[in-house]
Amino acid sequence: MNHTAFGSILEKRKADIVTAVLRLVDRVGITGLTTKRIAGEVGFAEGALYKHVDSKMGIYHLILDSSAESIKKTGDEITGRNFPPIAALGAWFDFAVSFLDEYPGIYRILFSDGLYAEDRTLFNKFKDCSLDLKGRVRAVIEKGTASGDFRPDVDPETMAVMYLGLIHTTFTLWNVFEERARSYKETAKPFFDEYLRSLRLPSAKVARG
């Protein structure tokens, strides 16, 4: 999901506000986010902000709602193109890392205990997004085991959860350990490739003569 995707989900001003918030949160954190800063980032007076959103919390809801819609649109596109299982998992990987590469600030929102303690509905939206993505990845893995692309002993539920964990862990590696010295995709790809290898059938052993 990128700015173009926001524009296809939200009207322009709301898309601009969401983009501004994601950039600001990455720079100043959630506690440093103010409506004055948001308005300045978008380029209009603070009072004009409330013509488009009712509060900062309302913006967080827009972000979660947009994320849910983007997951659905991406899933429909992957299904419509009838990707084989390996390519489908690759498309989901590209979807996740491309967005986090461009808007790493969303990580602070998605994993904020403080926001969820304040607004349980927001937590439920995050949970629903996560479960939806997990379910879609699980369906791809189930298809791969049925077609013989993946090992028959693979547990789709476990591997779907591990897929989400892969994104979470490699983002931490990139953001904290590497301090974003390169693109997130460059950091994550070797781990994703290893994940795919764990799903595939082992290569036939060459007989020794």
Side-chain angles (χ1 to χ4, degrees), residues 1-26 30 33 35 38 41-42 49-83 85 87-116 118-143 156-157 160-161 163-168 170-171 184-185 188 192:
M1 185 168 67
N2 50 36
H3 195 182
T4 302
F6 282 133
S8 69
I9 295 169
L10 302 169
E11 57 94 7
K12 184 180 184 305
R13 278 303 190 189
K14 287 184 178 180
D16 290 342
I17 291 168
V18 164
T19 301
V21 166
L22 291 176
R23 288 175 176 159
L24 280 169
V25 165
D26 192 41
I30 289 176
L33 188 69
T35 54
I38 296 169
E41 185 81 7
V42 178
L49 186 70
Y50 294 103
K51 294 179 181 179
H52 307 284
V53 295
D54 58 3
S55 64
K56 284 193 297 182
M57 192 60 73
I59 299 172
Y60 297 139
H61 279 273
L62 276 178
I63 291 170
L64 267 294
D65 291 341
S66 299
S67 298
E69 180 62 24
S70 190
I71 289 171
K72 180 180 182 302
K73 289 178 67 174
T74 300
D76 291 345
E77 180 181 349
I78 291 172
T79 300
R81 296 179 67 176
N82 198 29
F83 283 135
L89 289 180
W92 280 117
F93 172 78
D94 287 340
F95 163 78
V97 299
S98 295
F99 180 67
L100 286 170
D101 237 339
E102 187 169 6
Y103 298 114
I106 196 172
Y107 192 85
R108 291 183 170 177
I109 296 172
L110 294 180
F111 295 96
S112 172
D113 288 340
L115 286 180
Y116 298 143
E118 184 179 347
D119 189 332
R120 187 68 182 179
T121 301
L122 192 68
F123 169 78
N124 287 332
K125 286 184 177 182
F126 170 60
K127 180 179 178 180
D128 288 344
C129 278
S130 300
L131 289 173
D132 185 21
L133 181 55
K134 178 177 71 70
R136 292 173 186 273
V137 171
R138 173 177 175 149
V140 172
I141 296 170
E142 287 174 340
K143 181 179 178 181
E157 177 68 13
V161 171
Y163 189 94
L164 298 184
L166 170 70
I167 301 299
H168 183 88
T170 55
F171 184 87
Y184 171 44
K185 187 170 185 176
F192 175 67

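Please read all numbers here as calculations on a predicted model, not as lab measurements. Only this structure's heavy atoms are used, side chains among them; waters, hydrogens and symmetry mates stay out.
Checking side-chain atoms of Y163 against main-chain N and O of R138 turns up no donor-acceptor pair under 3.5 Å. No donor-acceptor pair under 3.5 Å is formed between the side chain of Y60 and the backbone N or O of L110. At distances below 3.5 Å, not a single donor-acceptor pair connects side-chain atoms of S70 with backbone N or O atoms of S66.
If you check the side chains of D16 and H52, you find no donor sitting under 3.5 Å from an acceptor.
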Applying salt bridge (charged side-chain N to carboxylate O under 4.0 Å, His left out) to D26 and R108, what does each step give before you reach the verdict?
CA-CA 7 Å; D26 192 41; R108 291 183 170 177; 5.1 Å; no
Evaluate S67 against I106 for side chain to side chain contact (heavy atoms under 4.5 Å, CB included), listing each step before the verdict.
CA-CA 10 Å; S67 298; I106 196 172; 3.9 Å; yes
Please lay out, stage by stage, how T74 and R136 fare under the test side chain to side chain contact (heavy atoms under 4.5 Å, CB included).
CA-CA 10 Å; T74 300; R136 292 173 186 273; over 6 Å; no
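In this structure, H168 and F111 have perpendicular ring planes: the angle between them is above 60°, well past the 30° mark. Using cut-offs of 30° and 60° on the angle between ring planes, the pair W92 and F95 is perpendicular. Taking the six-membered ring for Trp and thresholds of 30 and 60 degrees, F171 and Y107 have nearly parallel ring planes, at less than 30 degrees apart.
In this structure, the separation between CG on L49 and OG on S55 is 9.5 Å, given to the nearest 0.5 Å. The distance from atom CG of N124 to atom OH of Y116, rounded to the nearest 0.5 Å, is 10.0 Å.
Between E69 and K73 no salt bridge is recorded (no basic side-chain N to carboxylate O distance below 4.0 Å).
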